[in-house]
Structure formats: C-alpha cells, structure tokens
Amino acid sequence: MSVEELNNMCYIAKGGYSTVYKYKIDNNVSVVIKKVLLKHKNSMVTPSWVREYKYTADLDHRNIIKFYSRPFKCMNSYYAIMEDGGISLDKKYFNKSKMQVEDILHALQELSSAINYIHYEMQLIIQKFKIHGDIRSFNVTEKNGVYKLIDFGLACERESGHESAVES
C-alpha cells in the first residue's frame, strides 16, 4: 500500500490509541485500516495495539473481526488492515429507532457464539482461553445481518484452569 493510497482513506472513528479508516478497494470491496500514530520517532507500538493483534491473529470465527495484515510501519505511524465489519451498533442506533426484538436476539445469538469460541473452543485448541474485556455497543459491528466483535485492545489470555479471569 502506497502513501497516496493511505491518504485516500475515509475516517470512521478515533479510539484511545488509534484512528480507524475505511478504504475502498473497488465498488464491492472495502477494508478497515487501523492507524496508531507514534508520538516519537523511535517509539514502539503501544502495548494495547500489540495485544489486540496478538489475541486476534489466531481467531477464526465469522463473528470476530479478522486482521488481514500484521501491523506495518509507514512514516511515523503503524497500520494494520482489517476486515470491514460494517457500522458499530452505537453509531447505527444513536438517536434513532430502537433495535427490533428479532435483531436483538440475532445479535445476542451471534455474539454468544463468538464469546463461546474465545472462552471455550480456543481452550480446547490451544489450552488457553481469551477474554475480550470490553464488550459494549462501540465494539460490536453489523454488516449485512452479521454481527462482529471488534477491538480486542483490552483482551487478555489465560491458561486453562487458571483461577482468575482478571488480569493482574
């Protein structure tokens, strides 16, 4: 991806440590690009950015956002290319009509499937389970009726049988 292409991104949102953009590849395909601005020329990537990539890299579930690239450096920022999961629930329903009961049930079913995957199924595969740590409307997206869990910046990982689910 060239610097010119990075300049043609459409702003979506800003979080605690990153800015999120949508980049349209063609009329039918778009991706999300997460940008972390480095404060100093020689600074390293923020720990939450590293944690987010680390904890989502091995996840493969239709209701969990996917990274398409490892974070890469361009000038004074790090970028990562991610799946376009659509619009966050807080933006979709902010100051608008409420979600229909059917949509709420569908969203809960899909998010429960994602949480079961990171808490239980991953434990069977790698003897570790993951905890998202920040499930709220800002971190759930919807596109074409598919709900996705995004933003694993506060995630943690525990060995199977660990006593506490709270990061110390």
Side-chain angles (χ1 to χ4, degrees), residues 9-35 48-71 80-168:
M9 300 182 295
C10 177
Y11 173 85
I12 297 175
K14 186 170 181 71
Y17 66 93
S18 64
T19 306
V20 182
Y21 300 90
K22 184 176 283 198
Y23 179 75
K24 219 169 184 180
I25 295 172
D26 62 34
N27 289 336
N28 299 319
V29 179
S30 60
V31 294
V32 167
I33 299 178
K34 196 168 231 188
K35 174 184 175 183
S48 55
W49 173 255
V50 172
R51 182 174 44 241
E52 180 172 13
Y53 177 75
K54 176 184 171 187
Y55 291 149
T56 56
D58 60 351
L59 299 178
D60 185 19
H61 190 279
R62 86 183 283 267
N63 302 114
I64 298 173
I65 208 75
K66 291 174 182 49
F67 274 81
Y68 291 144
S69 75
R70 291 178 160 276
I81 301 171
M82 303 167 67
E83 172 183 18
D84 178 7
I87 188 167
S88 66
L89 293 188
D90 69 296
K91 283 192 177 179
K92 184 172 182 175
Y93 293 103
F94 184 76
N95 287 334
K96 295 183 182 170
S97 63
K98 295 180 181 177
M99 282 180 82
Q100 298 297 311
V101 172
E102 297 82 20
D103 293 332
I104 293 170
L105 293 174
H106 179 63
L108 288 173
Q109 180 181 23
E110 293 206 339
L111 293 173
S112 295
S113 176
I115 293 166
N116 181 65
Y117 175 77
I118 62 175
H119 286 210
Y120 177 70
E121 292 178 41
M122 287 305 294
Q123 187 172 208
L124 297 175
I125 298 167
I126 61 171
Q127 285 70 50
K128 293 181 181 179
F129 66 96
K130 299 174 189 236
I131 299 168
H132 183 276
D134 194 20
I135 297 174
R136 55 190 174 129
S137 62
F138 293 93
N139 294 332
V140 176
T141 61
E142 185 271 332
K143 183 178 181 180
N144 301 325
V146 177
Y147 293 87
K148 301 226 180 228
L149 190 54
I150 67 168
D151 194 350
F152 280 70
L154 296 178
C156 63
E157 189 173 75
R158 294 287 179 236
E159 299 289 328
S160 293
H162 193 278
E163 295 296 320
S164 173
V166 180
E167 185 151 17
S168 40

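Keep in mind that this is a model prediction, so the values were computed, not measured.
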Would you mind reporting whether [Y] and [X] have side-chain heavy atoms less than 4.5 Å apart?
X: Ile12; Y: Lys91; value: yes
X: Asp103; Y: Tyr147; value: yes
X: Ser113; Y: His61; value: yes

Calculate, to the nearest 0.5 Å, the distance between atoms [atom1] and [atom2] belonging to [X] and [Y] respectively.
X: Tyr23; Y: Cys10; atom1: OH; atom2: SG; answer: 12.5 Å
X: Leu111; Y: Leu89; atom1: CG; atom2: CG; answer: 7.5 Å
X: Thr56; Y: Ile150; atom1: OG1; atom2: CD1; answer: 11.5 Å
X: His132; Y: Asn139; atom1: NE2; atom2: CG; answer: 5.0 Å

Problem - Between Glu110 and His106, a side-chain donor and acceptor under 3.5 Å - result: yes

Handout entry: Worked verdict on Asn63 versus Leu149 for side chain to side chain contact (heavy atoms under 4.5 Å, CB included)
Key = CA-CA 6 Å; Asn63 302 114; Leu149 190 54; over 6 Å; no

State, to 0.1 Å, how close [X] and [Y] come at their nearest heavy-atom pair, and which atoms those are.
X: Ser137; Y: Ser88; answer: O-CB, 4.0 Å
X: Asp60; Y: Tyr117; answer: N-OH, 3.0 Å
X: Lys148; Y: Ile65; answer: CD-CD1, 4.1 Å
X: Ala114; Y: Ile64; answer: CB-CG1, 3.7 Å
X: Val31; Y: Asp84; answer: CA-CB, 4.1 Å
X: Thr141; Y: Gly85; answer: OG1-O, 3.0 Å

Practice task
For atom CZ of Phe138, decide whether the heavy atoms of other residues, nucleotides or ligands shown that lie under 6.0 angstrom number more than 12.
Solution key: no

Practice task
Check the pair Val32 / Tyr68 against side chain to side chain contact (heavy atoms under 4.5 Å, CB included), numbers first and verdict last.
Solution key: CA-CA 10 Å; Val32 167; Tyr68 291 144; over 6 Å; no

Exercise for the section: Any chance you could lay out the side chain to side chain contact (heavy atoms under 4.5 Å, CB included) test for Lys34 and Met82, step after step, and finish with the verdict? Expected result: CA-CA 7 Å; Lys34 196 168 231 188; Met82 303 167 67; 4.0 Å; yes

For the backbone of [Y] and the side chain of [X], can you confirm whether one donor and one acceptor N or O come within less than 3.5 Å of each other?
X: Lys92; Y: Gly86; value: no
X: Lys14; Y: Val20; value: no
X: Ser30; Y: Lys22; value: no

